[in-house]
A.B. asks: 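Got a structure for you, written out below as structure tokens; questions coming shortly.
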Amino acid sequence: SILDRLNEFGEQQKKDAESIHAEIRAFMASLRHKMGETAAQFAARSGGVKAHYIYMIESGSRRWSAEMLTHFVKSIPS
């Protein structure tokens, strides 16, 4: 039925979002380690969040926001 299809669509969207956030989390954690930055340094690049928040993101209990990623990208010299 249409309701079943709608529920399946919603579930797939949720799975896709979780997958994307997991990819971003892994990429950013790898980048931090490659750059040799502390969580505090990385946090400062990410809009001034606290180092503890970076640890929370890396553990999977929080997610990178678009605003934090934008701040981070702007912090990289071109």
Side-chain angles (χ1 to χ4, degrees):
S1 77
I2 190 85
L3 186 55
D4 291 335
R5 288 177 56 206
L6 184 59
N7 286 334
E8 289 172 9
F9 179 71
E11 289 173 18
Q12 187 60 48
Q13 279 186 316
K14 184 177 178 180
K15 288 178 186 176
D16 290 346
E18 289 172 2
S19 175
I20 290 169
H21 284 288
E23 286 181 45
I24 292 169
R25 181 174 58 249
F27 175 81
M28 294 300 285
S30 174
L31 183 61
R32 178 167 86 85
H33 294 292
K34 286 178 183 176
M35 292 174 74
E37 291 194 353
T38 66
Q41 290 169 318
F42 218 64
R45 287 182 176 272
S46 303
V49 297
K50 302 291 182 193
H52 182 71
Y53 199 80
I54 297 298
Y55 293 128
M56 293 172 71
I57 292 171
E58 290 177 349
S59 75
S61 64
R62 294 286 188 265
R63 294 180 172 178
W64 282 96
S65 69
E67 181 180 325
M68 289 172 58
L69 290 169
T70 300
H71 280 284
F72 183 84
V73 169
K74 289 180 179 179
S75 77
I76 298 173
S78 45

A.B. asks: Just jot down the salt bridge (Lys or Arg N to Asp or Glu O under 4.0 Å) partners of R62, sequence neighbours excluded, or say none.
C.D. replies: none
A.B. asks: Tell me every residue that passes salt bridge (Lys or Arg N to Asp or Glu O under 4.0 Å) with R25, counting only those two or more places apart in sequence or in another chain.
C.D. replies: none
A.B. asks: Check the pair R32 / E58 against side-chain contact (heavy atoms from CB on, under 4.5 Å), numbers first and verdict last.
C.D. replies: CA-CA 10 Å; R32 178 167 86 85; E58 290 177 349; 2.7 Å; yes
A.B. asks: So with a 6.0 Å cut-off around NE2 of H52, is the heavy-atom count from everything else above 12?
C.D. replies: no
A.B. asks: Would you call the rings of F72 and F42 parallel, tilted or perpendicular, taking 30° and 60° as the class edges?
C.D. replies: tilted
A.B. asks: Between atom NE2 of H21 and atom CD1 of I57, what is the distance when rounded to the nearest 0.5 Å?
C.D. replies: 11.0 Å
A.B. asks: In the structure I gave you, are the side-chain heavy atoms of V49 and H71 within less than 4.5 Å of one another anywhere?
C.D. replies: no
A.B. asks: If a pair satisfies salt bridge (charged side-chain N to carboxylate O under 4.0 Å, His left out) and one of its residues is in residues 39-55, list it, with sequence neighbours excluded.
C.D. replies: E37-R45
A.B. asks: Sequence neighbours left out, what passes ring pair (Phe, Tyr, Trp, His ring centres under 6.0 Å) with Y53? Give chain and number order.
C.D. replies: none
A.B. asks: Just jot down the side-chain contact (heavy atoms from CB on, under 4.5 Å) partners of A40, sequence neighbours excluded, or say none.
C.D. replies: T38, A51
A.B. asks: Side chains of residues 5-18: which donor-acceptor partners sit under 3.5 Å, not counting sequence neighbours?
C.D. replies:
unit_1: N7; atom_1: ND2; unit_2: L3; atom_2: O; d: 3.4
unit_1: Q12; atom_1: NE2; unit_2: D16; atom_2: OD1; d: 2.8

A.B. asks: Within a strict 4.5 Å, meaning less than it, do heavy atoms of the M28 and L69 side chains meet?
C.D. replies: yes
A.B. asks: Test of understanding: with side-chain contact (heavy atoms from CB on, under 4.5 Å), list the residues that count as partners of I20, not counting sequence neighbours.
C.D. replies: I24
A.B. asks: Kindly indicate whether the side chain of E23, heavy atoms from C-beta on, has any atom under 4.5 Å from the side chain of S19.
C.D. replies: yes
A.B. asks: List for me each residue that meets side-chain hydrogen bond (donor to acceptor under 3.5 Å, both in side chains) alongside S65, sequence neighbours excluded, and say none if there are none.
C.D. replies: none
A.B. asks: Say whether M35 and W64 are linked into one hydrophobic cluster, either directly or through other cluster members, by side-chain heavy-atom distances under 4.5 angstrom.
C.D. replies: yes
A.B. asks: Look at the side-chain heavy atoms of Ile, Leu, Val, Met, Phe, Trp and Tyr, link any pair under 4.5 Å apart, and say whether M68 and Y55 land in one connected group.
C.D. replies: no
A.B. asks: Report the residues that fulfil side-chain hydrogen bond (donor to acceptor under 3.5 Å, both in side chains) with S59, sequence neighbours left out, ordered by chain and then residue number.
C.D. replies: S61
A.B. asks: What pairs meet the salt bridge (charged side-chain N to carboxylate O under 4.0 Å, His left out) rule with one or both residues in residues 65-78, with sequence neighbours excluded?
C.D. replies: none
